[in-house]
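Beneath this line is the structure, given in structure tokens, with notes to follow.
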Amino acid sequence: MTSIPKEVQAFMEGKTAWVATASPDGTPNATPKGSVRVVDEEHVVFADLFSRKTRQNLQANPMVSIAVVDTGTATGYQVKGTAEMLDSGPLFEGMAAELAAAPKDFPPLKYAVYITVEEVYDQSVGPQAGEQIA
């Protein structure tokens with residue numbers, strides 16, 4: 001477990017993230033998620049609504065990578081960690097309530113995907129690209 005730097009926490013807020021997983025045979029899957037949130041300095045979460053392949057992959061292999069970029073500033077970060085699929089508890093209930101109150105008609109929350117962050121990388125354009133920062 002590692003601490004997500006404050007600037008990365010602030011950067012992730014409100015952005016669409018790309019979540020990457022792999023099946024047991026190594027087949028990659030990447031999908032955009034608009035629900036990625038920083039829970040605290042060591043965890044992020046996203047809502048599993050339509051995530052059939054992501055869900056199947058995480059149930060077999062809990063390793064996950066999340067990339068968030070701002071194309072306007074060519075700035076980005078990647079967090080890697082281990083996912084846990086939550087189907088109850090305060091975090092799950094909070095996300096379910098948030099989705100129920102959203103202006104769009106979302107299906108019920110299947111899981112809150114709770115990720116313990118183990119590594120953080122700079123993905124910004126420039127000489128620091130790919131450097132581990134936490």
>> When you compare the side chain of Ile115 with that of Val79, does any pair of heavy atoms fall below 4.5 Å?
In response: no
>> Does any part of the side chain of Met85, heavy atoms only, come nearer than 4.5 Å to the side chain of Val113, both counted from C-beta?
In response: yes
> For Val125, what are the other residues in its hydrophobic cluster, where any two members join if their side-chain heavy atoms are less than 4.5 angstrom apart?
Replying inline: none
> Does anything in residues 10-58 pair up under ring-ring contact (aromatic ring centres under 6.0 Å, His included), and if so which pairs, sequence neighbours excluded?
Replying inline: Phe11-Tyr77, His43-Tyr114
> Have Tyr121 and Glu119 got a donor and an acceptor in their side chains that come within less than 3.5 Å?
Replying inline: yes
> Do Val44 and Val117 come within less than 4.5 Å of each other through their side chains, counting heavy atoms only?
Replying inline: yes
> How far does OG1 of Thr21 sit from CD of Gln56, to the nearest 0.5 angstrom?
Replying inline: 9.5 Å
> Does any non-hydrogen side-chain atom of Thr75 lie less than 4.5 Å from one of Val69?
Replying inline: no
>> How close do Pro24 and Ala60 get, counting heavy atoms only, and between which atoms?
In response: CG-CB, 3.4 Å
> Is there side-chain contact between Glu41 and Pro5, with at least one heavy-atom pair below 4.5 Å?
Replying inline: no
> Thinking salt bridges, do Lys110 and Asp48 make one under a 4.0 Å N-O criterion?
Replying inline: no
> Which heavy-atom pair separates Gly76 from Asp122 by the least distance, and what is that distance?
Replying inline: O-OD1, 3.5 Å
>> Between Glu84 and Pro62, is there a side-chain heavy-atom distance shorter than 4.5 Å?
In response: no
> How about Lys80 and Gln78: do any of their side-chain heavy atoms sit closer than 4.5 Å?
Replying inline: yes
> Could you state the interatomic distance from CD (Glu7) to CE (Met12), rounded to the nearest 0.5 Å?
Replying inline: 12.5 Å
> Does one hydrophobic cluster hold both Ile4 and Val19, with members joined at side-chain heavy-atom distances below 4.5 Å?
Replying inline: yes
> Taking atom OG of Ser3 and atom CD of Gln9, what is their separation to the nearest 0.5 Å?
Replying inline: 6.5 Å
>> Could you measure the distance from the CZ atom of Arg52 to the OG1 atom of Thr31? Nearest 0.5 Å is fine.
In response: 11.5 Å
> If you take all heavy atoms of Thr2 and Ala134, which pair is closest and at what distance?
Replying inline: OG1-C, 3.5 Å
>> Minimum heavy-atom separation for Val68 and Ala17, please, with both atom names.
In response: CG2-CB, 3.5 Å
>> For residues 78-111, which residue pairs pass the ring-ring contact (aromatic ring centres under 6.0 Å, His included) check, not counting sequence neighbours?
In response: none
> Does the pair Ser23 and Asn29 meet the rule for a side-chain hydrogen bond (donor to acceptor under 3.5 Å, both in side chains), with working shown?
Replying inline: CA-CA 8 Å; Ser23 68; Asn29 182 63; over 6 Å; no
> Would the number of heavy atoms belonging to other residues, nucleotides or ligands and lying under 6.0 Å from NZ of Lys15 be above 12?
Replying inline: yes
>> Would you compute the distance between atom OG1 of Thr82 and atom CE of Met63 and round it to the nearest 0.5 angstrom?
In response: 4.0 Å
> Ala83 and Leu58: which non-hydrogen atoms are nearest, and at how many Å?
Replying inline: CB-CD2, 3.9 Å
>> Once rounded to the nearest 0.5 Å, what's the spacing between atom CG of Asp87 and atom CD of Glu93?
In response: 9.5 Å
